[in-house]
Peer 1: 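Quick one: this structure, given as structure tokens, is what I'll be asking you about.
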Amino acid sequence: MSNAQTTDAGEQVVAVLVGPTAAGKSALALEAAQRSGMEIVNADAFCLYRRMDIGTAKPTPEDRARVPHHVIDTHDVSDAVDVAWYQQAARAAVVEIWQRGRTPLLTGGSGLYVHGVLDDLQFPGTDADVRSRLEAELEQLGPAELHRRLESVDPAAASHILATNGRRIVRALEVNEITGRSFVAVLGDVQPWCRSVRIGWDPGVDEVDRAIESRVDAMWDAGLVDEVLAIRPELEASRTASRAVGYRQILDVLAADQDPVLAKEPTVAATRRLARKQRAWFRRDPKLRWAQSPSQVHEILGRLEA
């Protein structure tokens, strides 16, 4: 084990509940944790941001009063957050929960964040000068040109990154330049950081799609547009928070001086794309057991605390 936090990791277990957005996993996790005396560790990248509550479907104060939640509301909207920081913070929370004699329940839809906690991934650092230069080149040349460069220096990474995803192209080029290694090396054959029981929950594409539409309606009714307006300057200045689904679509409509309601359908479409991406990511994990019913989720997690 490479991290000081791993002292007892091999002897302990982390329960995991993952799946696509709007699948109902947060409610399942809350009920299971309350039944079993577990504590929840957030694995949703955008729930790290304070004042981004409605659009992230963040656990409410009432939820957090019922069950302890960790690694939520850790950053201001204008802060940049990456998976390396999250890995350290989430593992620290996991160890603290173990030390209290309880089981951590890691739940969320950010696949790389989950992977980074459970497996001994090594995340290269960053170089501000290299990053700034590459971001300037991205703005000047566009993502397609930088993707062609990536294909020449790191074809393995290029095959995993869309030619339109400028942010990840820049990161892959930065890692290659700093370390001389492939960006995908950190996602290769790695050892587990701890024992884990990994459960997937997915009621199906049609049901999740309907839930997404209902959720977006509810978010609009709850005041998502007002939430975005209240933090708009910080969002626009952020490289990371501004990418959150819903927030991004509202910002785009506001920038075009259009009625924010026009962002509603694009938000539904983007959320459905996200759900499919999450589903594909988690389906690749051979250690993940897909539950067939909520009762099966409770049964598996209940056995951990028996």
Side-chain angles (χ1 to χ4, degrees), residues 19-23 26 42-59 72-83 85-86 108-113 131 134-136 138-139 142-144 146-147 161-172 208-209 211-281:
T21 188
S26 295
N42 164 60
D44 184 303
F46 295 112
C47 283
L48 302 178
Y49 288 107
R50 292 181 282 269
R51 302 170 69 202
M52 292 177 64
D53 301 328
I54 298 171
T56 61
K58 190 180 293 178
I72 288 178
D73 288 339
T74 57
H75 287 72
D76 291 331
V77 175
S78 56
D79 294 337
V81 185
D82 60 22
V83 65
W85 178 90
Y86 172 79
S110 298
L112 184 57
Y113 279 38
R131 173 68 66 89
L134 289 169
E135 287 179 341
L138 174 66
E139 186 172 350
L146 264 63
H147 193 267
I161 299 173
L162 292 175
T164 55
N165 193 335
R167 183 183 61 85
R168 282 181 60 82
I169 294 168
V170 164
R171 177 58 176 152
V208 169
D209 280 354
I212 287 170
E213 189 163 1
S214 296
R215 173 182 281 189
V216 171
D217 283 340
M219 287 176 172
W220 244 258
D221 292 342
L224 178 58
V225 172
D226 289 337
E227 182 171 273
V228 173
L229 288 170
I231 57 174
R232 184 179 179 183
E234 297 97 319
L235 270 177
E236 291 177 333
S238 171
R239 290 202 315 266
T240 50
S242 61
R243 294 185 289 107
V245 174
Y247 298 86
R248 176 73 267 158
Q249 286 68 31
I250 292 172
L251 285 177
D252 289 344
V253 168
L254 291 173
D257 290 324
Q258 296 176 320
D259 189 330
V261 75
L262 295 176
K264 198 171 184 180
E265 284 306 312
T267 297
V268 170
T271 308
R272 286 174 173 168
R273 288 194 298 272
L274 173 62
R276 284 157 174 74
K277 181 179 178 182
Q278 291 169 322
R279 186 177 284 116
W281 173 284

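The figures here come from the full heavy-atom set of this structure, side chains too, leaving out hydrogens, waters and symmetry mates.
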Peer 1: Identify the two heavy atoms, one from Val225 and one from Trp220, that lie closest to each other, and give their separation to 0.1 Å.
Peer 2: CG2-NE1, 3.6 Å

Peer 1: Looking only at the side chains, is there a donor atom on one of Thr240 and Tyr49 sitting less than 3.5 Å from an acceptor on the other?
Peer 2: yes

Peer 1: Can Thr21 and Arg215 be counted as having a side-chain donor-acceptor contact under 3.5 angstrom?
Peer 2: yes

Peer 1: Please give me the minimum heavy-atom distance between Ile231 and Val77, naming the atom from each residue.
Peer 2: CD1-CG2, 4.1 Å

Peer 1: Rounded to the nearest 0.5 Å, what separation is found between the OH atom of Tyr86 and the OG1 atom of Thr74?
Peer 2: 10.0 Å

Peer 1: Are Pro143 and Asn165 packed together at the side-chain level, in the sense that at least one heavy-atom pair is separated by less than 4.5 angstrom?
Peer 2: no

Peer 1: Which distance, rounded to the nearest 0.5 Å, do you find between the CE of Met52 and the OG of Ser238?
Peer 2: 8.0 Å

Peer 1: Are any of the side-chain nitrogens in Asp76 or Arg51 under 4.0 Å away from the carboxylate oxygens of its partner?
Peer 2: no

Peer 1: Under the side-chain contact (heavy atoms from CB on, under 4.5 Å) rule, what do Arg272 and Glu213 come out as? Steps first, then yes or no, please.
Peer 2: CA-CA 9 Å; Arg272 286 174 173 168; Glu213 189 163 1; 3.4 Å; yes

Peer 1: Can you find a pair of side-chain heavy atoms, one from Thr267 and one from Val245, that are under 4.5 Å apart?
Peer 2: yes

Peer 1: With rounding to the nearest 0.5 angstrom, report the CG to CD1 distance, Leu146 to Ile161.
Peer 2: 11.0 Å

Peer 1: Once you round to the nearest 0.5 Å, how far does CD1 of Ile169 lie from CG of Leu162?
Peer 2: 8.5 Å

Peer 1: side-chain contact (heavy atoms from CB on, under 4.5 Å), that's the test. Do Trp85 and Asp79 meet it? Break it down for me.
Peer 2: CA-CA 12 Å; Trp85 178 90; Asp79 294 337; over 6 Å; no

Peer 1: Calculate, to the nearest 0.5 Å, the distance between atoms CG and CE belonging to Asp53 and Met219 respectively.
Peer 2: 10.5 Å

Peer 1: Could you measure the distance from the CG atom of Asn42 to the OG atom of Ser110? Nearest 0.5 Å is fine.
Peer 2: 7.5 Å

Peer 1: Looking only at heavy atoms, what is the nearest atom pair of Pro20 and Arg279, with distance?
Peer 2: CG-NH2, 3.8 Å

Peer 1: For the pair Tyr113 and Asp44, evaluate side-chain contact (heavy atoms from CB on, under 4.5 Å) and give the outcome as yes or no after the intermediate values.
Peer 2: CA-CA 8 Å; Tyr113 279 38; Asp44 184 303; over 6 Å; no

Peer 1: Just wondering, do Leu251 and Arg248 contact through their side chains at under 4.5 Å, heavy atoms?
Peer 2: yes

Peer 1: Under the 3.5 angstrom rule, does the side chain of Thr271 hit a backbone N or O of Ile212 as a donor-acceptor pair?
Peer 2: no

Peer 1: If only atom types and distance count, is the side chain of Glu227 paired as donor or acceptor with the main-chain N or O of Ile54 below 3.5 Å?
Peer 2: yes

Peer 1: Can you give me the closest heavy-atom contact between Ala244 and Gln249, atom names plus distance?
Peer 2: O-OE1, 4.3 Å

Peer 1: So, are Asp73 and Lys58 salt-bridged, with charged N and O less than 4.0 Å apart?
Peer 2: yes

Peer 1: Ion pair present between Asp209 and Arg276, side-chain N to carboxylate O less than 4.0 angstrom?
Peer 2: yes

Peer 1: Hey, does the side chain of Tyr247 reach the backbone of Gly55 with a donor-acceptor pair shorter than 3.5 angstrom?
Peer 2: yes

Peer 1: Is the backbone of Arg167 close enough, under 3.5 Å, to the side chain of Arg171 for a donor and an acceptor to pair up by distance?
Peer 2: no

Peer 1: Please answer whether the main-chain N or O of Gly109 pairs with a side-chain N or O of Gln278 as donor and acceptor at a distance below 3.5 Å.
Peer 2: yes

